[in-house]
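Let me begin by presenting the structure, written as C-alpha cells, before commenting on it.
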Amino acid sequence: MSDDKVQTLKVKRSSRLSGFYRQTPESRRTRLVESRWLAPEEAEACAGLGGFDEACADAMVENVIGLHGLPLGLALNFVVNGQDRLVPMSVEEPSIIAAASYAARLCAEGGGFAVTWDEPITTAQVQLLDVPALTAAEMALRARSAELLAEANGCLGAMCARGGGARELEVRVLDATTLVVHVHVDTRDAMGANLVNGLAERMAPRLAALTGGRVGLKILTNLADRRKVYVRVTVPSAALASEGFPDGTAVRDAILEAQLFAEMDPYRAVTHNKGVMNGVDAVLVACGNDWRAVEAGAHAYAARSGVYRPLTAWKQGPAGELVGLLEMPLATSTVGGAARTHPGVQRALKLAQVTSAVDLAGVAAAAGLATNLAALKALSTEGIQKGHMALHARRVAAEVGAQGELVEIVAERLARERVYRPERAREILAEEVRRKEAAR
C-alpha cells in the first residue's frame with residue numbers, strides 16, 4: 001500500500017463540516033478534497049453535470065432529446081453505526097437537505113443511527129390460474145420445494161457464485177382456483193429485478209405442469225418485505241431545545257403527540273410517511289436506484305394491517321429521551337444500471353462510502369428517519385413554513401440575479417421582512433449593490 005493511502009486511512013473524516021451551507025459550490029468541493037472525502041479530479045468532475053452526457057443518457061432511456069438536471073447536495077452530521085457518513089441527496093424541494101443535516105446533528109447527540117437489515121432478498125412471483133385441485137397442487141409444490149430450488153439455482157449460476165441464489169419457495173392461495181408461487185432469491189448487491197423476472201419466466205412452465213394450472217403473470221414483487229431495514233435513534237430531550245422553545249421535554253412530548261396523530265389517522269399518516277420518503281427518495285435518486293419501487297413497497301408495507309399507518313415509531317425512553325424507530329422494506333442496488341453507466345452516481349456512492357446494497361439501504365433509511373424527525377420537530381414547534389420560507393428566500397434572491405454572498409444578504413432581509421416578492425428582492429439587491437460600490 002502506498003504512503004498516500006496509508007495516510008488517508010489514518011485520517012478520521014468527519015461529517016460535521018461547519019459553515020458548509022454558507023460556502024459556494026466551488027468552495028464546498030475544495031473542502032471535500034481537503035477533508036479527503038474526494039480526490040481533486042473527482043471533486044472537479046462534480047461541477048456542471050458531473051460527466052453525465054447525452055451519450056450516457058441515450059444508453060439509459062429511450063427517445064433522449066437532452067439532459068434534465070437536479071441539484072446534488074450533501075446531508076451532513078450523519079453517524080451511522082458509529083461511522084461518520086456524508087449522505088448524497090438529489091432533490092428539487094428546498095429544505096430537505098438542510099432538515100436532514102439538522103436532525104442528524106440532533107441524533108448524533110445520542111450516538112447516531114443504529115442500523116440493521118435483512119438479507120437482500122428479491123421475490124419472484126408466478127401466478128397459476130384455473131388450478132383444478134388446489135390442495136393437492138399446493139402439497140405437490142411444497143413436497144418438491146428442495147428440487148425446485150435446485151432447479152432455480154441452476155438458472156442462477158453467476159449469482160450463486162457471488163454468494164446469492166434461491167433461498168426459499170413459498171406457496172400462497174389467493175382463491176379457490178388460484179395459486180401464487182414465490183421464489184425468494186438472495187440477489188447480493190443487485191436489486192435483482194431482471195434476474196428474478198427471468199427466473200419466474202423460466203420456472204413458470206414447470207410449476208404449471210406440477211399443478212395443472214395455467215400460467216398467469218411472471219414478475220417480481222416490489223413489496224420487498226423479506227428485505228427490510230431497521231433504524232433506531234436516541235435523542236436526549238435537552239438536544240431538542242431551541243430558540244423560543246427552551247424546554248426540550250415539552251418539544252419531545254409534542255413530537256410524541258404528532259406520532260400518535262399519525263397512528264390514529266391515515267390522512268395524517270400519509271403526510272408523516274411522505275416526510276420519511278423525502279429523505280429516502282433523495283438518497284436513492286442520487287445513487288441511481290429505483291425510488292418508485294421503494295415508494296410503492298413502503299406504502300404497501302404501511303398498510304399491511306389493513307389500515308394505513310406510520311412507518312416510524314417515536315417513543316419516550318426510560319431516561320426521558322426521545323427514541324425513534326423506522327422499519328421498512330428497502331431494495332437497493334450498487335451494481336449494474338445507473339451505477340455502471342452514470343459517473344455522478346458512482347461519485348455519490350463513493351461520497352457515502354457505500355460498501356454494499358444493504359449498506360446503501362441503511363444510509364437511505366437513516367436519511368428517512370432524519371427528515372421525518374425534522375418535520376415532526378418543526379411542525380410541533382415553530383411550524384413547517386419557517387424553514388421552507390428561509391430557503392424560498394434564497395431561491396427568490398437567486399432568481400432576481402443575486403450571486404455569491406449577495407444571495408444570503410438578500411435572502412436574510414426578505415426573511416426578516418417576511419416579504420418574498422421578486423420585486424422586493426430586486427429593490428434589496430439594488431440597494432446592496434450600491435452599498436458595496438460605495439464602500440470601494
Is Lys377 reaching over with its side chain to a backbone N or O of Ala374, donor-acceptor style, under 3.5 angstrom?
no

Sidechain N-carboxylate O distance under 4.0 Å for Glu151, Arg144
no

Shortest non-hydrogen contact from Ala262 toward Ala269:
O-CB, 3.4 Å

Donor-acceptor pair, distance only, cut-off 3.5 Å: does the side chain of Arg227 make one with the backbone of Thr332?
yes

Using a 4.5 Å cut-off on heavy atoms from C-beta on, say whether the side chain of Arg16 contacts that of Arg105.
yes

Crowding at CZ, Arg28 (>12 non-hydrogen neighbours, <6.0 Å)
yes

Going from OH on Tyr230 to CG on Asp118, what distance comes out if it is rounded to the nearest 0.5 angstrom?
3.5 Å

Arg232 atom CZ, over 12 foreign heavy atoms within 6.0 Å
no

From Ser18 atom OG to Arg31 atom CZ, the distance as rounded to the nearest 0.5 Å:
5.0 Å

Side chain of Glu170, backbone of Val183: donor and acceptor closer than 3.5 Å?
no

Carefully, step by step, assess Glu119 and Arg188 under the rule salt bridge (charged side-chain N to carboxylate O under 4.0 Å, His left out).
CA-CA 8 Å; Glu119 291 299 304; Arg188 297 286 84 197; 2.8 Å; yes

Taking all heavy atoms of Arg252 and all of Gly320, pick out the closest pair and write down the distance.
NH1-O, 2.6 Å

Within the distance-only criterion (no hydrogens, no angle test), does the side chain of Thr221 pair as donor or acceptor with the backbone N or O of Leu223 below 3.5 angstrom?
yes

Could you walk me through whether Glu257 and Ser380 pass the side-chain hydrogen bond (donor to acceptor under 3.5 Å, both in side chains) test, one step at a time?
CA-CA 9 Å; Glu257 288 177 348; Ser380 301; over 6 Å; no

So, do Leu74 and Pro88 sit near enough that their side-chain heavy atoms are less than 4.5 Å apart?
yes

Heavy-atom neighbours of Glu26 CD exceed 12 at 6.0 Å
no

Would you give me the side-chain donor-acceptor pairs under 3.5 Å for residues 38-53, sequence neighbours excluded?
residue, atom, partner, partner atom, Å
Glu42, OE1, Ala39, N, 2.8
Glu42, OE1, Lys350, NZ, 2.7
Glu42, OE2, Lys350, NZ, 2.8
Asp53, OD1, Ala55, N, 3.2
Asp53, OD1, Cys56, N, 2.9

Val79 and Ala108: which non-hydrogen atoms are nearest, and at how many Å?
CG2-CB, 4.4 Å

Can you name the closest pair of heavy atoms from Pro310 and Glu263 and give their distance?
CG-CG, 3.7 Å

Main chain of Leu72, side chain of Ser90: is a donor-acceptor contact present, judged purely on distance under 3.5 Å?
no

So how far is it from Asp84 CG to Arg13 CZ, rounded to the nearest 0.5 Å?
10.0 Å

Criterion side-chain contact (heavy atoms from CB on, under 4.5 Å) on Met328 and Val294, from CA distance to verdict:
CA-CA 9 Å; Met328 64 178 291; Val294 172; 4.2 Å; yes

Can you check whether Leu70 reaches Glu92 side chain to side chain, under 4.5 Å on heavy atoms?
yes

Report, as yes or no, whether the 6.0 Å neighbourhood of atom CG on Asn194 holds more than 12 heavy atoms from other residues, nucleotides or ligands.
no

Measure the spacing between CG of Leu86 and CD of Gln353 and express it to the nearest 0.5 Å.
7.5 Å

Minimal non-hydrogen separation, Gly112 against Val233, with atom names
O-CG1, 3.8 Å

Are Leu106 and Glu109 side-chain neighbours, meaning at least one heavy-atom pair lies under 4.5 Å?
no

Stepwise, does the side-chain contact (heavy atoms from CB on, under 4.5 Å) test hold for Leu134 with Leu179?
CA-CA 8 Å; Leu134 206 66; Leu179 289 176; 3.7 Å; yes

Would you confirm whether Thr234, through its side chain, and Gly110, through its main-chain N or O, come within 3.5 Å as a donor-acceptor pair?
no

Has Gln346 got a side-chain atom pairing as donor or acceptor with Ala339's backbone, closer than 3.5 angstrom?
yes

Main-chain N/O of Val64 paired with Glu54 side-chain donor or acceptor, under 3.5 Å
no

Glu138/Arg142 under salt bridge (charged side-chain N to carboxylate O under 4.0 Å, His left out): CA gap, chis, key distance, verdict
CA-CA 6 Å; Glu138 185 180 359; Arg142 290 196 168 123; 2.4 Å; yes

Can Thr178 and Asp175 be counted as having a side-chain donor-acceptor contact under 3.5 angstrom?
yes

In this structure, CD of Glu147 is separated from CG of Leu141 (nearest 0.5 Å) by 10.5 Å

Residue pair His272 / Leu376, side-chain heavy-atom distance below 4.5 Å
yes

Crowding at CE, Met60 (>12 non-hydrogen neighbours, <6.0 Å)
yes

Crowded around Tyr21 OH? As in, over 12 foreign heavy atoms under 6.0 Å?
no

How long is the gap from OH on Tyr308 to NE2 on His299, to the nearest 0.5 Å?
4.5 Å

So Asp225 and Arg304, side-chain contact (heavy atoms from CB on, under 4.5 Å) or not? Walk me through it.
CA-CA 10 Å; Asp225 56 2; Arg304 65 192 182 281; over 6 Å; no

How close do Ser15 and Leu76 get, counting heavy atoms only, and between which atoms?
O-CB, 3.2 Å

Minimum side-chain heavy-atom gap Leu284-Leu330 below 4.5 Å:
yes

Is the backbone of Arg309 close enough, under 3.5 Å, to the side chain of Asn273 for a donor and an acceptor to pair up by distance?
yes

Are the side chain of Asn153 and the backbone of Ala166 linked by a donor-acceptor contact shorter than 3.5 Å?
yes

Any heavy-atom pair between the side chains of Leu373 and Tyr102 that's under 4.5 Å?
no

Report yes if some heavy atom in the side chain of Asp189 is under 4.5 Å from a heavy atom in the side chain of Leu360; otherwise report no.
no

Take Gln316 and Thr249, measure what side-chain contact (heavy atoms from CB on, under 4.5 Å) needs, and give me the verdict at the end.
CA-CA 10 Å; Gln316 180 177 327; Thr249 59; over 6 Å; no

